[in-house]
Amino acid sequence: MAKWKISQGMPILNKEMEDAVLDALRNDKYVNGENVTKLEEEFARYIGTEHAIAVSSGTNALAFIFMAAGIKGRKCTTSPQSFIASANSILHAGGTPVFADIDKDTYCISTAEVEKQLNNGASAVLPVDIFGYPADFDSINEIAGRKNAYVIEDACQAHGAIYKGKRAGSLALAAAFSFYPSKNMTVLGDGGMVTTDDDGIANKVRKLRDAGRKSHYEHDMIGYTARLNTVNAAIGRVQLRNLDKWNAKRTGIAAEYGSRLKNVNGIKLPQLGSNGIKPVFHQYVICTKDRDRLKEHLEKNGIQCGIHYPIPIHLQPIYREMFKHKEGEYPTSESFSRECLSLPMHINLTKDDAKLICEQIEGFYGS
Ligand SMILES: Cc1ncc(COP(=O)(O)O)c(C=O)c1O
């Protein structure tokens, strides 16, 4: 287990979560328990939406939103620089993902590229709040509105992020979260959440996750078994109570990295936020032409790093096969994939850890 002196990520499990699990197992219903309803209420209040509907994963959260909003036979534009599930969810719901390249500074989808895809016939947009940095929803919502397209937010990496006074997850028609163990807030297993103010989408998603039930033995929709387990919801409730404190810790580590690394020539640092934008640093991603050698150097010195993501979605083997995508179509995403390096980012990182990581990077560049 202790292969690394400093690991890249680290999910949190504490006594309060263990107690909540045992209490849920002994006293709550295994499926559709009170912990699920409570987590939904608490999450909706936190995000600032009318509804929060717990589901079995972030992928299903996105797919159910698209099934409810309607994408079958239509195109939705999204970022090629994301986890593959962003685009897969559009296919799961019968739509076709078409990509729009990313902005070179925020790494979120570029508004100008979105506009091109809307002009090419896309009828929906799925911006991704990548690494916990909210996409530019004001301009994307405005352009989509003019073209009669709807916008769905992939907030799977952005629990707690703020965009101009509003939480990520409340910036579009509906949003999806993932509670996978690497996330800022997890249920220590698979899980997800849909947030929306739209009653119609909320009601359809509630049915889709639960076998299309109208009542217990009456089904008026072809649904799935894709609920969040009660035990996982119990963990999620404890995590949610700690989220702001944990995000503040991440932001502090990002500031520490930023202040030490800003003078190192050869690396580009991520944005710390501005104009009312507060990212939550799901990952702290630097870019460098020496990515592979720097990664090797850090790992030789016991510092684990990640690459998010080494292959943009359009160049994944299945997307090449299905859509005949080729290198060169989305140059900003492609060069990002070659240069990105995720430094350690978790709430157990100490100032000394951050100092050691920065010293190793400075040493590598001889600065
Ligand atoms: C941006 C993004 N979208 C979608 C997902 C899918 O979530 P899950 O893994 O819970 O299905 C993830 C999570 O890994 C993600 O990071």
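For ligands, and for the atoms within them, numbers begin at 1 and follow the listed sequence. Just so you know, these numbers come straight off a predicted model, no measurement behind them.
Ligand 1 places these atoms under 4.0 Å from at least one heavy atom of S57: 10 (O), 11 (O).
Outside the 6.0 Å centre-distance limit, the rings of H314 and F323 are not counted as a close aromatic pair.
Note on E34 versus K29: no salt bridge recorded, every NZ/NE/NH1/NH2 to OD/OE distance being 4.0 Å or above. Remark: R320 engages E327 in a salt bridge, criterion side-chain N to carboxylate O under 4.0 Å.
Side chain to side chain, T186 and Q239 fail the donor-acceptor criterion of an N or O pair below 3.5 Å. Between S139 and T111, the side chains place a donor N or O and an acceptor N or O closer than 3.5 Å (distance only, hydrogens not considered).
A heavy-atom distance below 4.5 Å is found between the side chains of Y30 and L25.
Atom 13 (C) of ligand 1 has K183 NZ, 3.0 Å as its closest protein atom, hydrogens excluded (heavy atom only). Looking from atom 9 (O) of ligand 1 to the surrounding protein, the closest heavy atom is S178 OG, 4.0 Å.
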For this session: Would you please test R241 and E16 for salt bridge (Lys or Arg N to Asp or Glu O under 4.0 Å) and show each step?
Result: CA-CA 11 Å; R241 288 199 285 277; E16 198 186 350; 3.3 Å; yes
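When the heavy-atom distances from atom 3 (N) of ligand 1 to I84, D129, D154 are ranked, the shortest goes to D154. Considering only non-hydrogen atoms, atom 4 (C) of ligand 1 lies nearest to C156 out of S82, S89, C156.
In terms of N/O distances under 3.5 Å, ligand 1 is not approached by I130. Checked by distance only, ligand 1 and Q157 come closer than 3.5 Å through their nitrogen or oxygen atoms.
The shortest separation from a heavy atom of D190 to ligand 1 is not under 4.0 Å, leaving the residue out of contact. In this structure, H282 falls outside the shell of residues with a heavy atom less than 4.0 angstrom from ligand 1.
The parts of T59 lying near ligand 1 are both backbone and side chain, judged by heavy-atom distances below 4.0 Å.
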